[in-house]
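Input: a single structure, listed below in structure tokens.
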Amino acid sequence: MKVIILGAQGSGKGTQAKLLSESFKIPHISTGDILREEYDNKTELGLLANEYTKKGLLIPNELVNDIVKRRLERKDCKIGFILDGYPRNIEQANFLSKIIEIDKVIYLKVSEDIVFKRLAERMICSKCNQIYGINKKPKKDEVCDECGSKLVKRQDDKEEEQIRTRLRGYEEKTLPLLEFYKEKLIEIDGSGKPIEIFKEIMKKL
Ligand code: AMP
């Protein structure tokens with residue numbers, strides 16, 4: 001199953017992608033996670049991408065297209081994958097359609113109010129990228145339940161200004177993808193609890 005998961009930041013994409021990946025035993029490919037890892041390793045790509053990310057901007061299409069193409073060519077993607085955070089605009093979607101056929105596109109719809117509340121609370125594991133927030137608190141403060149590493153605030157979740165820039169970018173560039181993928185689209189109300197949303201996705205898939 002080759003799936004894209006679409007939604008604003010804070011819509012719960014990462015959480016649902018992880019659940020789907022575990023359930024279908026297919027890789028969860030998050031371009032944001034790949035870029036954060038590159039940055040943590042201080043690679044040239046990571047440092048360059050961070051110049052855009054810290055301002056709430058998208059990185060250039062050529063860079064992210066190349067990352068995704070190389071990742072999808074790996075053996076573990078043969079039976080399927082969940083793409084999270086890609087494509088983010090029509091140019092990326094056109095590029096993707098030339099290299100692979102997608103089966104379904106899940107769209108998690110949430111209001112801006114909810115997005116702000118969730119982002120204010122969101123913490124991620126500095127090692128395994130597990131996401132914590134309103135709906136999932138760690139057992140021990142600021143420590144990941146899964147691997148015991150430290151939880152951190154994402155660099156681009158810290159200021160309201162950055163979040164607003166990202167949301168405007170999402171509306172302008174990413175929302176037109178709903179029309180692009182209308183034949184494959186599954187729309188889901190993303191405002192509830194993660195487990196309920198997951199059940200709804202499984203039902204509609
Ligand atoms: P995310 O974790 O998906 O919110 O991504 C974090 C940041 O990485 C974004 O704000 C962008 O700066 C960059 N990024 C991730 N995916 C893409 C993409 N498909 N196109 C351009 N930039 C991206």
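No experiment lies behind these values; they were computed from the predicted model shown. For ligands, and for the atoms within them, numbers begin at 1 and follow the listed sequence.
The existence of a salt bridge linking Lys117 and Asp113 is excluded, since no basic side-chain nitrogen approaches an acidic carboxylate oxygen closer than 4.0 Å.
For the pair Lys42 and Tyr39, the distance from NZ or CZ to the six-membered ring centre is under 6.0 Å and the angle to the ring normal is within 45 degrees.
Heavy atoms of Leu35 found under 4.0 angstrom from ligand 1 belong exclusively to the side chain. Looking at Asn61 against ligand 1, nothing comes within 4.0 Å, counting heavy atoms.
At a threshold of 4.5 Å between non-hydrogen side-chain atoms, the residues Ile67 and Glu38 do not count as touching. Residues Glu200 and Asp189 fail the side-chain proximity criterion, which asks for heavy atoms closer than 4.5 Å. A heavy-atom distance below 4.5 Å is found between the side chains of Leu96 and Leu83.
Comparing heavy-atom distances from atom 7 (C) of ligand 1 across Asn129, Thr53, Val64, Asn65 singles out Thr53 as nearest. Of the options Ala8, Gly85, Gly169, Gly10, the smallest heavy-atom separation from atom 17 (C) of ligand 1 is shown by Gly85. Taking only non-hydrogen atoms, the option from Lys13, Arg154, Arg88 nearest to atom 3 (O) of ligand 1 is Arg88.
Nearest protein neighbour of atom 11 (C) of ligand 1, counting heavy atoms only, is Leu57 O, 3.5 Å. Of the protein's non-hydrogen atoms, the one nearest atom 20 (N) of ligand 1 is Gln92 NE2, 2.9 Å. If you check which protein heavy atom lies closest to atom 22 (N) of ligand 1, you get Ile59 N, 3.0 Å. For atom 16 (N) of ligand 1, the closest non-hydrogen atom on the protein side is Thr31 OG1, 2.7 Å.
For ligand 1, the atoms closer than 4.0 angstrom to any heavy atom of Arg36 are 2 (O), 6 (C).
The only option from Ile186, Thr15, Leu6, Ile5 that meets the side chain to side chain contact (heavy atoms under 4.5 Å, CB included) definition with Leu108 turns out to be Ile5. For the side chain to side chain donor-acceptor pair (under 3.5 Å) with Arg164, the qualifying choice from Glu161, Gln162, Glu160 is Glu160, the only one to do so.
Note on ligand 1: Gln9 sits outside its first shell, no heavy atom being nearer than 4.0 Å.
At under 3.5 Å, not a single nitrogen or oxygen of Tyr86, backbone or side chain, sits near a nitrogen or oxygen of ligand 1.
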* Check against salt bridge (Lys or Arg N to Asp or Glu O under 4.0 Å), Lys137 and Glu121 -> CA-CA 10 Å; Lys137 307 260 184 232; Glu121 296 271 323; 3.4 Å; yes

